[in-house]
Amino acid sequence: MKKILIINGPNLNMLGIREPDIYGHETYDDLVKLIKDHAEKIGVEVDFVQSNHEGHIVDEIQLAYFQKFDGIVINPGAYTHTSIAILDALKTVNIPTIEVHISDVSKREDFRQISYVRLVAKKSIIGHGLQGYLEALDELAK
Ligand code: DQA
């Protein structure tokens with residue numbers, strides 16, 4: 001069974017509270033349940049990390065190498081647009097990675113148009129809401 005790590009960056013623990021007009025009314029716990037149910041249906045094992053701290057995300061990506069994860073689904077939140085450290089960590093572990101954004105960042109502010117993670121991601125799923133995480137799982141399960 002494939003082992004997939006789902007990483008959510010800063011402020012994604014505040015889903016349901018944060019800007020619901022952009023990110024919706026479902027909470028982080030709802031997201032975890034949605035992904036767990038889907039993972040069970042398609043027969044993959046999932047593990048979750050949510051952190052508001054860049055270095056912690058880097059640590060967890062490195063750990064994914066030693067724990068032999070087969071894939072990573074990452075929504076780095078605002079670190080998408082700033083973090084070379086997260087890009088380098090993903091390059092280091094060389095685990096197939098899919099980038100997910102709940103909102104359609106391509107239609108938002110200029111500062112959201114850069115994605116460092118995109119440079120290493122197999123695919124970027126943008127603006128599909130929470131469903132985007134399930135699409136990413138399907139892709140990595142192939
Ligand atoms: C986000 C988009 C980012 O620009 C933002 O900083 C987030 C969430 C999204 O899922 O749409 O925190 O990654």
Side-chain angles (χ1 to χ4, degrees), residues 1-109 111-141:
M1 201 186 265
K2 281 194 173 174
K3 259 176 48 159
I4 313 289
L5 182 62
I6 317 288
I7 303 176
N8 277 290
N11 299 307
L12 289 157
N13 56 318
M14 298 300 274
L15 283 175
I17 295 168
R18 90 182 272 212
E19 302 176 273
D21 46 318
I22 297 176
Y23 300 109
H25 291 277
E26 286 171 293
T27 64
Y28 178 72
D29 286 349
D30 295 334
L31 173 64
V32 168
K33 184 174 182 330
L34 193 74
I35 294 173
K36 276 187 181 164
D37 289 349
H38 190 70
E40 206 179 300
K41 208 167 82 188
I42 66 171
V44 297
E45 195 183 317
V46 279
D47 207 351
F48 296 86
V49 168
Q50 189 283 321
S51 178
N52 295 325
H53 304 279
E54 186 175 16
H56 184 214
I57 295 171
V58 169
D59 288 343
E60 292 290 342
I61 292 169
Q62 291 180 3
L63 207 56
Y65 174 82
F66 296 105
Q67 294 179 338
K68 302 195 185 323
F69 275 89
D70 302 295
I72 294 176
V73 175
I74 186 163
N75 181 349
Y79 290 140
T80 306
H81 319 299
T82 61
S83 182
I84 297 167
I86 290 175
L87 167 67
D88 282 349
L90 290 168
K91 281 186 172 172
T92 300
V93 299
N94 197 26
I95 297 172
T97 296
I98 298 194
E99 173 190 20
V100 172
H101 296 288
I102 297 168
S103 67
D104 185 355
V105 279
S106 72
K107 301 213 171 82
R108 297 182 64 193
E109 301 94 329
F111 61 82
R112 293 184 208 276
Q113 302 314 312
I114 289 174
S115 166
Y116 288 103
V117 168
R118 191 182 307 150
L119 301 175
V120 79
K122 260 170 72 106
K123 192 170 180 176
S124 300
I125 300 172
I126 291 170
H128 295 188
L130 302 191
Q131 283 298 317
Y133 291 85
L134 309 188
E135 290 168 33
L137 265 194
D138 288 340
E139 186 71 27
L140 289 171

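Just the heavy atoms: all of them, side chains too, but no hydrogens, waters or symmetry mates, feed the values below. Keep in mind it's a predicted model, so treat the numbers as computed, not measured.
- Here the closest non-hydrogen pair linking Q50 and P10 is NE2-CA, 4.3 Å.
- Looking at N8 and Y133, their side chains do bring a donor and an acceptor atom within 3.5 Å of each other.
- Side-chain atoms of S51 and E60, non-hydrogen and from C-beta on, never get closer than 4.5 Å to each other.
- Here the CG-CG distance, from N13 to N52, works out to 4.5 Å after rounding to the nearest 0.5 Å.
- Side-chain contact between L137 and V44 is present, with at least one heavy-atom pair separated by less than 4.5 Å.
- Residue pairs that meet the salt bridge (charged side-chain N to carboxylate O under 4.0 Å, His left out) test with at least one member in residues 112-137, sequence neighbours left out, are E109-R112, K123-E139.
- Taken from CD1 in I126 to OG in S115, the straight-line distance is 7.0 Å, to the nearest 0.5 Å.
- Remark: the backbone N or O of E54 is paired with a side-chain donor or acceptor of Y79 at under 3.5 angstrom.
- Screening I86, L5, I98 against I74 for a side chain to side chain contact (heavy atoms under 4.5 Å, CB included) leaves a single residue, I86.
- Under a 3.5 Å cut-off, the side chain of T80 and the backbone N or O of G77 do form a donor-acceptor pair.
- Pairs engaging residues 36-53 under the salt bridge (charged side-chain N to carboxylate O under 4.0 Å, His left out) rule: K33-D37 [sequence neighbours left out].
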Tell me, with the steps shown, if I7 and V73 meet side chain to side chain contact (heavy atoms under 4.5 Å, CB included). CA-CA 6 Å; I7 303 176; V73 175; over 6 Å; no
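- In this structure, T27 and I17 have side chains that are not in contact, with every pair of non-hydrogen atoms separated by 4.5 Å or more.
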Kindly indicate, with the supporting measurements, whether the criterion side chain to side chain contact (heavy atoms under 4.5 Å, CB included) is fulfilled by L31 and I6. CA-CA 11 Å; L31 173 64; I6 317 288; over 6 Å; no
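- Applying the salt bridge (charged side-chain N to carboxylate O under 4.0 Å, His left out) rule to pairs touching residues 97-106 yields D104-K107, sequence neighbours excluded.
- In this structure, G43 and M1 approach most closely via the heavy-atom pair O-CG, 3.2 Å.
- With no hydrogens or angles considered, a side-chain donor-acceptor pair links H38 and D138 at under 3.5 Å.
- Nearest approach of A136 to V100, heavy atoms of both residues: CB-CG2, 3.8 Å.
- H81 contributes a side-chain N or O that, together with a main-chain N or O of I114, makes up a donor-acceptor pair within less than 3.5 Å.
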Could you walk me through whether D70 and L140 pass side chain to side chain contact (heavy atoms under 4.5 Å, CB included), step by step? CA-CA 8 Å; D70 302 295; L140 289 171; over 6 Å; no
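- Closest approach of K3 and F69 over heavy atoms only: O-CD2, 3.4 Å.
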Audit row: L63, D59, side chain to side chain contact (heavy atoms under 4.5 Å, CB included) steps and yes/no: CA-CA 6 Å; L63 207 56; D59 288 343; over 6 Å; no
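- A pairwise comparison of heavy atoms in F48 and V32 identifies CZ-O, 3.8 Å as the closest pair.
- The shortest distance between side-chain heavy atoms of H101 and P76 falls below 4.5 Å.
- Within 6.0 Å of atom CZ in F66, 12 or fewer heavy atoms from other residues, nucleotides or ligands are found, so the atom counts as exposed in its surroundings.
- Residues L130 and I102 form a side-chain contact, since some pair of their non-hydrogen atoms from C-beta on lies under 4.5 Å apart.
- In this structure, OG1 on T97 lies 6.5 Å from CD1 on I95, to the nearest 0.5 angstrom.
- Pairing each heavy atom of Y23 with each of R108, the nearest pair is OH-NH1, 2.9 Å.
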